[in-house]
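Only one structure is covered here, and it is reproduced in the block below.
All chains are named by letter (A, B, ...) in the order of the sequence lines, taking the proteins before the strands, and each is independently numbered beginning at 1.
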Amino acid sequence: MALTSHDPIPTSELDGAVRDYSRDKVYVLTALFLGLVTVVEILTYAFPDFPAWSGNLVIAVLMILMAVKFFTVVYIFMHLRFDKPLLSWVFWSGLVLAACVYMVMLCTFRIFWPGQHG
Amino acid sequence: MASAVQTHESVAAADAHAAHAHIDHDTNTGISNTKLGMWLFLASECLLFGGLITTYLLYKHPLEGPTPKQIFDIPFTSTSSFVLLMSSLTMVLAVSAIERGDHQRLRIWLGATALLGATFISGQIYEFTAFVREGLGFTTSRFSSAFYTLTGFHGVHVTVGIIMLVSLVLLSLRGKLPEHRSETVEIIGLYWHFVDVVWIFIFAVVYLIP
């Protein structure tokens, strides 16, 4: 049976996968979603006084939007959601280690204390 | 001669079965060593880019020279970011195409990905040139050094990715990228998507967060 661009690729045909991979339609919808999130990010710059992200709230909003894009690409486009859990462990270990090490470094330089940088 | 013909036939036979049978890897994890190696490499890259981003955050307030707010062209960088984001879509479509055995679409999507990556790099070269003209050289301030090092390292990664994509297109054109080697495209795709997620982080932290 020939596969079409709409069919999921059966797990049995993939290298080490535990779930069927998504197909082209899901990828296109994911890209549209990512594009939409990017537009919202740009709106925070174009309209800085908008109540949803005014003042220091913009930092939190941008961090959340960035995280949404990051996890979407990693889970859908990089297939981490469908692959063996070992690969997730490998990647998240590196990311968490990096986040911890550099958070300690930023705290050591007191970057989160107002007036300490510069 | 006979050996060459036999090899050709065995490759053809493997291709014929590729759509219906995946290649088992003789490893303890059941994952190929190259794929596991790429994920380990990407995990180590988190530490590299984490260090560069942290350095930028520490030095983002320049003591001399132009400030980020004065020189950044957000609409232009937003367009570049969008281009790189869409290259992830074309990359994943290329992986999908080879898994279906559609070599023509594989080449189209790989070519599109390389083209979008080249557009991003062109934008970065233009941006760097504009910044230098405005008086922001590599050694102008601690901010400029951190900024150019971070974005330059990312640019080098994108350039390496483009070279790998073009190599894949050439391999495909020469018939050396059959379906049973789809994992090669997937692994290079992993690298490309990682370069994209790093830029997602850089775009928010460096350009957008005030």
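- Looking at A/Val28, both its backbone and its side chain come within 4.5 Å of chain B, counting heavy atoms on both sides.
- From A/Lys69, atom NZ reaches atom OG of B/Ser88 across 10.5 Å, with rounding to the nearest 0.5 Å.
- Proximity to chain A among residues 188-207 of chain B is limited to B/Leu190, B/His193, B/Phe194, B/Asp196, B/Val197, B/Ile200, B/Phe201, B/Phe203, B/Ala204, B/Val205, judged by heavy-atom separations below 4.5 angstrom.
- The part of A/Tyr45 that comes within reach of chain B is its side chain, from C-beta onward, which places non-hydrogen atoms under 4.5 angstrom from that chain.
- Considering all non-hydrogen atoms of both residues, A/Tyr27 and B/Ser96 come closest at CE1-CB, 4.2 Å.
- Both the backbone and the side chain of A/Val90 come within contact range of chain B, each with at least one heavy atom under 4.5 Å from a heavy atom of that chain.
- Between B/Cys46 and A/Ala98 the shortest heavy-atom distance is O-CB, 3.6 Å.
- Here the straight-line distance linking atom CZ of A/Phe109 with atom OG1 of B/Thr54 works out to 10.5 Å at 0.5 Å rounding.
- Residue with the most contacts toward chain A among B/Ser44, B/Ser78, B/Ser182: B/Ser78 (heavy-atom pairs, distance under 4.5 Å).
- With a 4.5 Å cut-off on side-chain heavy atoms, A/Val58 and B/Ile209 do not count as touching.
- With respect to the salt-bridge test (charged N to carboxylate O, under 4.0 angstrom), the residues A/Asp24 and B/Arg105 do not qualify.
- Note that the CG atom of B/Leu36 and the CG atom of A/Asp83 stand 11.0 Å from one another [nearest 0.5 Å].
- Here the straight-line distance linking atom OH of A/Tyr102 with atom OG1 of B/Thr55 works out to 7.5 Å at 0.5 Å rounding.
- Surrounding CZ of B/Phe41 are more than 12 heavy atoms belonging to other residues, nucleotides or ligands, all under 6.0 Å away.
- In this structure, chain B has heavy atoms under 4.5 Å from both the backbone and the side chain of A/Met78.
- Taking CD of B/Glu45 as the start and CZ of A/Phe91 as the end, the distance is 10.5 Å to the nearest 0.5 Å.
- Looking at every heavy atom in both residues, A/Gly35 comes nearest to B/Leu85 through N-CD2, 4.1 Å.
- Heavy-atom neighbours of B/Gln104 CD from other residues, nucleotides or ligands within 6.0 Å: at or below the threshold of 12.
- B/Phe76 meets the ring pair (Phe, Tyr, Trp, His ring centres under 6.0 Å) test with B/Tyr126; sequence neighbours excluded.
- Of the atoms belonging to A/Thr38, it is side-chain heavy atoms, and not backbone ones, that fall under 4.5 Å from chain B.
- Heavy atoms of A/Leu86 lying under 4.5 Å from chain B belong exclusively to its side chain.
- Annotation for B/Phe153: atom CZ does not count as buried by contact number, only 12 or fewer foreign heavy atoms lying within 6.0 Å.
- We find the CG-CD1 distance between A/Leu87 and B/Ile31 to be 4.0 Å, quoted to the nearest 0.5 Å.
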